[in-house]
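Okay, structure first, notes after.
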Amino acid sequence: MAQVNGNYLKLKAGYLFPEIARRVKAFSEANPRAAIIRLGIGDVTEPLPEACRTAMKTAVDAMGTREGFHGYGPEQGYLWLREAIARHDFQSRGCRITAEEIFVSDGSKCDSSNILDILGEGNRIAVTDPVYPVYVDSNVMAGRTGEADAAGQYGGLTYLPINAGNGFTARIPSEPVDLIYLCFPNNPTGAVATKEQLKAWVDYARAHDALILFDAAYEAFIQDPSLPHSIYEIEGARECAIEFRSFSKNAGFTGTRCALTVVPRGLMGTAANGEKVELWGLWNRRQCTKFNGVSYIVQRGAEAVYSPEGQAQVKGLIAFYMDNAAIIRRELSAAGLQVYGGEQAPYVWIKTPTGLDSWGFFDRLLNEAHVVGTPGSGFGAAGEGYFRLSAFNSRDNVIEAMGRITRALHG
Ligand code: MLT
């Protein structure tokens, strides 16, 4: 008889976004005429930049010729893309990251889960609460946690609460941990970290031989030039951090799929016998065995992000979504809600009105405003009493949604 992975049976609930989709489906079946506006899952809505489309069309045509055809590519990604990434995203900001240290992939959600393949079982793991659920669920699936308690917190994980009181940036843990997941700009709260705050994490990680898993999927939304975009802007981070990046949110690649993970050479982990092992070699081995790379066509599209036209078009997309975020912040504040985030990130984090918990507010907005958001409690126990709205939608829909929410709140 085929045994199942019992760790999956520990998972507390369905993955957050399918659960939202299930509730929305039930609502729209019961109310087929309701025009629902979706500000829930952070999925982009605006067309792919022209520079990317043109590059992909050229690549498709090349694939139709004997000379321009490409079969399996390098598992790590084509060198021309890795070089463009290293130069534009890292070296231009003073980070000593080389093309060799960049692994192109089909998504940072997958990479941030798959990285557990090369990490051991006994690590003490710290996550913020609330948190992007993938970090927690992938550890549960990999058997790196105990059971969940009544609040949905898993045994064996160190939860670092983030809330309005600490500016949604976690305090350095008082107990020693080996793995730390950080996400800045933060999903779901929209908070950002200063260089000083990241330095404190890097110092902690170096002092405790810990590894930081740094998710920078939303770095392009940072508006304040003094804020770091990469953990490698911090001295010493090469010795203690892996960084995840994505083309999903900046260039609209959520459906096209392209991302990258940076594993610096010389970044070491420890084997059971105490020997130091370079993580780069393990990740390279993992990718070569389990991954066949991103398609040539998509990588050419990603490369075009770094052309002058691509850069201008991506800037336009970011400005468009950040204007949406500003509208959400302004209108909801005017409606009397307490809002956070949305200034350096495409997510606005809202305190639910008195008397409504996260799912209660979700149901009220769905039923009365036909607007879908994401309940804060879906991101962890400390997200209870909060609600996330995404700025990824058309301008008309954002304005319409804000009007409807205001009317629903004030009758
Ligand atoms: C979100 O809504 O949190 C994001 O869409 C998740 C993701 O990028 O996987």
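Sequential numbering from 1 along the given sequence is applied to the chain's residues.
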For [X], all residues meeting side chain to side chain contact (heavy atoms under 4.5 Å, CB included), sequence neighbours excluded:
X    : value
A170 : T128, L160, I162, W201
T270 : K276
R22  : E19
A408 : E368, A369

State, to 0.1 Å, how close [X] and [Y] come at their nearest heavy-atom pair, and which atoms those are.
X    : Y    : answer
E243 : F90  : OE2-CE2, 3.4 Å
P176 : H208 : CB-CD2, 4.1 Å
L260 : D111 : C-OD2, 4.1 Å
L39  : A401 : CD1-CB, 3.9 Å
L317 : P49  : CD1-CG, 3.8 Å
A99  : L79  : CB-CD1, 4.0 Å

What pairs with R257 under salt bridge (charged side-chain N to carboxylate O under 4.0 Å, His left out), at least two apart in sequence or on another chain? none
Find the distance between [atom1] ([X]) and [atom2] ([Y]) and round it off to the nearest 0.5 Å.
X    : Y    : atom1 : atom2 : answer
F103 : T261 : CZ    : OG1   : 9.0 Å
T189 : N186 : OG1   : CG    : 3.5 Å
L227 : Q197 : CG    : CD    : 9.0 Å
Y154 : N7   : OH    : CG    : 10.5 Å
M268 : L279 : CE    : CG    : 8.0 Å
S105 : Q287 : OG    : CD    : 7.0 Å

Side chains of [X] and [Y], heavy atoms from C-beta outward: is any pair under 4.5 Å?
X    : Y    : result
I85  : F247 : yes
R124 : L179 : no
V127 : T158 : no
T374 : F379 : yes

For Q311, the side-chain hydrogen bond (donor to acceptor under 3.5 Å, both in side chains) test, sequence neighbours excluded, returns none
Hey, what's the ring geometry for F221 with Y321, parallel, tilted or perpendicular (30° and 60° as the breaks)? tilted
Name the orientation class of the two ring planes belonging to Y78 and H70 (parallel below 30°, tilted from 30 to 60°, perpendicular beyond 60°). perpendicular
Ignoring hydrogens and geometry, is there a side-chain-to-backbone donor-acceptor pair from [X] to [Y] under 3.5 Å?
X    : Y    : result
D129 : A382 : yes
N187 : G190 : no
R238 : R96  : yes
D149 : G152 : yes
S112 : K109 : yes
R395 : F320 : yes
R206 : E239 : no
E309 : A51  : no
K290 : N114 : no

Are I242 and I212 close enough, and set up right, to give a side-chain contact (heavy atoms from CB on, under 4.5 Å), and what steps lead you there? CA-CA 6 Å; I242 286 175; I212 296 173; over 6 Å; no
Intermediate values then yes/no, ring-ring contact (aromatic ring centres under 6.0 Å, His included), Y218 and Y347: CA-CA 10 Å; Y218 299 94; Y347 295 124; 5.2 Å; yes
Just grab all the side chain to side chain donor-acceptor pair (under 3.5 Å) pairs involving [range], residues at least two apart or on different chains.
range            : value
residues 83-92   : D89-Y306
residues 332-342 : none
residues 349-361 : S358-E384

Report, as yes or no, whether the 6.0 Å neighbourhood of atom NZ on K315 holds more than 12 heavy atoms from other residues, nucleotides or ligands. no
Charged N to carboxylate O under 4.0 angstrom, R300 versus E303? yes
Are R93 and E233 within salt-bridge range, i.e. N to O under 4.0 Å? yes
Has R285 got its NZ or CZ under 6.0 Å from the middle of the six-membered ring of W280, at an angle within 45 degrees of the ring axis? no
Determine, stepwise, if the pair D137 / K12 fulfils salt bridge (charged side-chain N to carboxylate O under 4.0 Å, His left out). CA-CA 9 Å; D137 287 4; K12 186 72 180 144; over 6 Å; no
Which salt bridge (charged side-chain N to carboxylate O under 4.0 Å, His left out) pairs, counting each pair once, include a residue from residues 210-227, with sequence neighbours left out? E219-R245
For the residue pair [Y] / [X], report whether a side-chain donor-acceptor contact shorter than 3.5 Å exists.
X    : Y    : answer
T254 : D43  : yes
N123 : R144 : no
T45  : N393 : no
E75  : N292 : no

Dump the intermediate steps for side-chain contact (heavy atoms from CB on, under 4.5 Å) on N250 and I318, then the final yes or no. CA-CA 6 Å; N250 60 350; I318 302 286; 4.1 Å; yes
Audit row: E101, R82, side-chain contact (heavy atoms from CB on, under 4.5 Å) steps and yes/no: CA-CA 9 Å; E101 298 171 324; R82 301 166 80 197; over 6 Å; no
Enumerate the ring-ring contact (aromatic ring centres under 6.0 Å, His included) contacts for residues 176-198, please, sequence neighbours excluded, ordered by first and then second residue. Y135-Y181
Would you please name every residue forming a ring pair (Phe, Tyr, Trp, His ring centres under 6.0 Å) with F387, sequence neighbours left out? F361
side-chain contact (heavy atoms from CB on, under 4.5 Å) between L81 and V294, worked out: CA-CA 11 Å; L81 176 57; V294 175; over 6 Å; no
